[in-house]
**Student:** 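Provided herewith is a single structure, encoded as structure tokens, for subsequent inquiry.
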Amino acid sequence: MMSVHLPRVSIGVPVYNGEAYLTAALDSILAQTFTDYEIILSDNGSTDATAEIARAYAARDNRIHFYRVEENLGAAWNFNRVFTLARGQYFKWAAHDDLLAPTFLHSCVAVLDHNPRVVLAYPWIEIIDDQTQVIDHYRIHLHTQSARPLQRFRDLLIEWHLCYEIFGLIRADALRQTPLMGNYGHGDGILLERLALLGPFYEIPQPLFFARKHARQSMNMFGVYQKGENNYHQYTLWFDPSKSGKIIFPTWRMLQERLLTLKIAPFTGKDRWMAYAYLAKWIRRKRRPLFFDLQFAARQFWKQKFHSTQPKPLTQ
């Protein structure tokens, strides 16, 4: 009986209407010096040429597996789908508009192979524009390498960052211990907090990841490039379009998920109390968006009850 080769690395590419940058993103993956990988490419009901591009790449390289649904089921569903189809020991999410340096996988695999406690490896990040020119250097150094779970959780919760670590290389077994990507605003950030409780991250001091900034990406549309409040109502709909028109409380949902995280977190004694103190600090910082959720829900309820038109999102 012939044995089936399982790839060391699975790369999940969830995509929706990504024709502008998908070719460049796939080319950067196919140019990796580490070659024992599979690509799981999932088209979430695109209405542009995404499916045609994906089929052409799948036809020319048997490491690429293409899947498509006819309806956009949301970013969270698509992110989780590519992971459930993965077979590798290590897993990486890859956005359709970002680029990787040729040694990205080689460097990250080496870290995880030699550091069994590390659950996620990621490099320095350069921000590029729609013409692939470097426009910024992302150097937010969190203490996610700390041996203390509390320190790792604290920095991901309290310190401002853009969650780029989610595009690092992750141990698949660690991801399976989490609920994966939540279908709510900041689902990626909360997933990182949960991964950090399982083990440290490792930052590779080389710029091997190129995150593209352009008009149609979620980060640009919902305001997270600025150190202010984000439009998590709109972000929630990006993660899960089925919530459109429903009354939602995105910041309260984030609080609920973090309370659930702390309930099962491996903290003991003083560290457990400190974790709740850090969450209280987060609540104080988020008191405006927490109040905004209630205000927006009240207006939405009023308009749905007494008017036929949908309420316009408020400016936070």
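We're numbering straight along the sequence, starting at 1.
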**Student:** Under 3.5 Å, is there a donor-acceptor pair between the side chain of Asp97 and the main chain of Gly18?
**Tutor:**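 Answer holds: no.
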**Student:** Is Leu26 close to Leu41 at the side-chain level, that is, under 4.5 Å between some pair of heavy atoms?
**Tutor:**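 Of all side-chain heavy-atom pairs linking Leu26 with Leu41, at least one is under 4.5 Å.
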**Student:** Provide the closest heavy-atom pair for Ile166 versus Leu191 in the form atom of the first, atom of the second, distance.
**Tutor:**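 For Ile166 versus Leu191, the nearest heavy atoms are CD1-CD2, 3.8 Å.
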**Student:** Apply the test side-chain hydrogen bond (donor to acceptor under 3.5 Å, both in side chains) to residues Asp188 and Tyr235: give CA-CA distance (whole Å), side-chain angles for both, the deciding distance (0.1 Å), then the verdict.
**Tutor:** CA-CA 11 Å; Asp188 49 355; Tyr235 231 132; 5.1 Å; no
**Student:** Counting N and O atoms only, with roles assigned by atom type, does the side chain of Thr236 sit under 3.5 Å from a partner on the main chain of Gly185, one being a donor and the other an acceptor?
**Tutor:**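 Yes, because the side chain of Thr236 sits within donor-acceptor range (under 3.5 Å) of the backbone of Gly185.
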**Student:** Considering residues, nucleotides and ligands other than Phe291, do more than 12 of their heavy atoms fall under 6.0 Å from its CZ?
**Tutor:**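 Atom CZ in Phe291 is not packed in, count stays at 12 or less.
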**Student:** Of the non-hydrogen atoms in Lys263 and Tyr276, which two are nearest, and what is the gap between them?
**Tutor:**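 Looks like N-OH, 4.1 Å.
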**Student:** Is there a side-chain hydrogen bond (donor to acceptor under 3.5 Å, both in side chains) between Arg81 and Ser42 once you walk through the steps?
**Tutor:** CA-CA 8 Å; Arg81 185 191 198 208; Ser42 178; 3.3 Å; yes
**Student:** For Tyr164 and Tyr138, I'd like to know if the aromatic rings sit close, meaning centre-to-centre distance below 6.0 Å.
**Tutor:**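 That pair passes the under 6.0 Å test.
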**Student:** Salt bridge or not between Asp27 and Arg60? Use side-chain N to carboxylate O under 4.0 Å.
**Tutor:**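 Salt bridge flag = yes for Arg60 with Asp27.
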**Student:** Taking side chain as C-beta onward, heavy atoms only, is Ile125 less than 4.5 Å from Phe167?
**Tutor:**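 Heavy-atom side-chain distance check fails, nothing below 4.5 Å.
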**Student:** Is the backbone of Asn183 close enough, under 3.5 Å, to the side chain of Lys243 for a donor and an acceptor to pair up by distance?
**Tutor:**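 Yes, the answer is positive, given that a donor and an acceptor are paired below the 3.5 Å cut-off.
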**Student:** Of Leu112, Val119, Val111, which meets side-chain contact (heavy atoms from CB on, under 4.5 Å) against Leu169?
**Tutor:**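 In the set Leu112, Val119, Val111, the residue that makes a side-chain contact (heavy atoms from CB on, under 4.5 Å) with Leu169 is Leu112.
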**Student:** Do the non-hydrogen side-chain atoms of Leu175 and Leu180 ever get within less than 4.5 Å of each other?
**Tutor:**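 With C-beta onward as the side chain, the pair touches.
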**Student:** Is the Lys NZ or Arg CZ of Lys92 less than 6.0 Å from the centre of Phe209's six-membered ring, within 45° of the axis?
**Tutor:**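 Because its charged atom sits under 6.0 Å from the ring centre and within 45° of the axis, Lys92 does stack over Phe209.
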**Student:** By the rule that ILVMFWY residues connect when side-chain heavy atoms come within less than 4.5 angstrom, directly or transitively, which residues belong alongside Val69?
**Tutor:**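 Besides Val69, the hydrophobic cluster comprises Leu73, Trp77, listed by chain and residue number.
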**Student:** May I ask you to decide whether Asp240 forms a salt bridge with Lys246, counting only side-chain N to carboxylate O separations under 4.0 Å?
**Tutor:**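 No, Asp240 and Lys246 are not salt-bridged.
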**Student:** Using atom types as modelled and distance alone, determine if a side-chain donor or acceptor of Arg299 lies under 3.5 Å from a backbone N or O of Phe296.
**Tutor:**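 Not at all, since once roles are kept as given, no pair shorter than 3.5 Å links the two residues.
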**Student:** Is there side-chain contact between Arg212 and Thr132, with heavy atoms separated by less than 4.5 Å?
**Tutor:**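 Contact flag for Arg212/Thr132 side chains = yes.
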**Student:** Take a 6.0 Å sphere around NE2 of His5 and say whether it holds more than 12 heavy atoms from other residues, nucleotides or ligands.
**Tutor:**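 For His5, atom NE2 is crowded (more than 12 foreign heavy atoms under 6.0 Å).
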**Student:** Mind running side-chain hydrogen bond (donor to acceptor under 3.5 Å, both in side chains) on Ser146 and Arg152 for me, showing each step along the way?
**Tutor:** CA-CA 6 Å; Ser146 171; Arg152 303 192 298 262; 5.5 Å; no
**Student:** Between the side chains of Thr50 and Asp43, does any donor sit under 3.5 Å from an acceptor?
**Tutor:**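 No pair is found: no donor N or O on one side chain lies under 3.5 Å from an acceptor on the other.
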**Student:** Judged by atom type as modelled, is there a donor-acceptor pair below 3.5 Å linking the side chain of Arg272 to the main-chain atoms of Phe267?
**Tutor:**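 Between the backbone of Phe267 and the side chain of Arg272 there is a qualifying donor-acceptor contact (under 3.5 Å).
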**Student:** Is the backbone N or O of Leu290 less than 3.5 Å from a side-chain atom of Trp252, with the two atoms forming a donor-acceptor pair by type?
**Tutor:**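 Answer holds: yes.
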**Student:** Under a 4.5 Å side-chain heavy-atom rule over Ile, Leu, Val, Met, Phe, Trp and Tyr, are Tyr184 and Leu237 clustered together?
**Tutor:**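 No, Tyr184 and Leu237 fall in different hydrophobic clusters.
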**Student:** Is there a donor-acceptor contact under 3.5 Å from the side chain of Arg63 to the main chain of Thr35?
**Tutor:**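 Between the backbone of Thr35 and the side chain of Arg63 there is a qualifying donor-acceptor contact (under 3.5 Å).
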**Student:** Between Arg148 and Asp271, is there a salt bridge with N-O shorter than 4.0 Å?
**Tutor:**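 Yes, charged N to carboxylate O under 4.0 Å.
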**Student:** Considering only heavy atoms from C-beta outward, does the side chain of Tyr21 approach that of His214 to under 4.5 Å?
**Tutor:**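 Contact flag for Tyr21/His214 side chains = yes.
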**Student:** Could you tell me whether a side-chain N or O of Tyr37 sits under 3.5 Å from a main-chain N or O of Ile29, the two making a donor and an acceptor?
**Tutor:**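 Answer holds: yes.
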**Student:** Decide yes or no for Asp36 and Val9: does some side-chain heavy atom of the first lie under 4.5 Å from some side-chain heavy atom of the second?
**Tutor:**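 Contact flag for Asp36/Val9 side chains = no.
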**Student:** Counting only heavy atoms not in His143, do more than 12 sit closer than 6.0 Å to its NE2 atom?
**Tutor:**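 Incorrect, the count does not exceed 12.
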**Student:** Report the hydrophobic cluster partners of Ile264, with the cluster defined as I, L, V, M, F, W, Y residues connected by side-chain heavy atoms closer than 4.5 angstrom, directly or transitively.
**Tutor:**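 Hydrophobic cluster check, Ile264: no partners found.
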**Student:** Below 30° counts as parallel, above 60° as perpendicular, anything between as tilted: where do the rings of Trp93 and Phe79 land?
**Tutor:**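 Trp93 vs Phe79 ring planes: tilted.
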**Student:** How far apart are the closest heavy atoms of Arg194 and Pro179, and which atoms are they?
**Tutor:**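 Looking at all heavy atoms of both residues, the closest pair is NH1-CG, 3.6 Å.
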**Student:** With distance as the sole test, does Gln32 use its side chain to make a donor-acceptor pair with the main-chain N or O of Leu105 at under 3.5 Å?
**Tutor:**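 It does hold such a pair.
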**Student:** So which atom in Leu208 and which in Ser107 form the shortest heavy-atom distance, rounded to 0.1 Å?
**Tutor:**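 Leu208 and Ser107 have their closest heavy atoms at CD1-OG, 3.7 Å.
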**Student:** Would you name the heavy atoms of Glu203 and Ile140 that are closest together and state the gap between them?
**Tutor:**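 Where Glu203 meets Ile140 most closely, the heavy atoms are OE2-O, 4.1 Å.
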**Student:** Taking everything shown except His141 itself, do over 12 heavy atoms lie less than 6.0 Å from its NE2?
**Tutor:**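 It does: His141 NE2 has more than 12 such atoms within range.
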**Student:** Using the rule given for side-chain hydrogen bond (donor to acceptor under 3.5 Å, both in side chains), can you reason through Gln151 versus Asp155, listing the C-alpha separation, both sets of side-chain angles and the distance that settles it, and then say yes or no?
**Tutor:** CA-CA 6 Å; Gln151 182 66 63; Asp155 273 31; 2.8 Å; yes
**Student:** Please tell me if the side chains of Gln145 and Tyr202 come closer than 4.5 Å, counting only heavy atoms from C-beta onward.
**Tutor:**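 Result no, sub-4.5 Å side-chain heavy-atom pair not found.
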**Student:** So that I can tick it off, tell me whether Arg171 and Asp173 are bridged by a salt bridge, with the cut-off set at under 4.0 angstrom between side-chain N and carboxylate O.
**Tutor:**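 Salt bridge flag = no for Arg171 with Asp173.
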**Student:** Is Arg55 close enough and on-axis enough to Phe66, meaning under 6.0 Å and within 45°, for cation-pi?
**Tutor:**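 Judged by the rule (NZ or CZ under 6.0 Å from the ring centre, within 45° of its axis), Arg55 is not positioned above Phe66.
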**Student:** Measuring only between side-chain heavy atoms, which start at C-beta, is Ser46 closer than 4.5 Å to Arg68?
**Tutor:**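 A side-chain contact exists here, since the closest heavy-atom pair is under 4.5 Å.
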**Student:** Donor-acceptor pair, Ser10 side chain versus Arg87 backbone, under 3.5 Å?
**Tutor:**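 Yes, because the side chain of Ser10 sits within donor-acceptor range (under 3.5 Å) of the backbone of Arg87.
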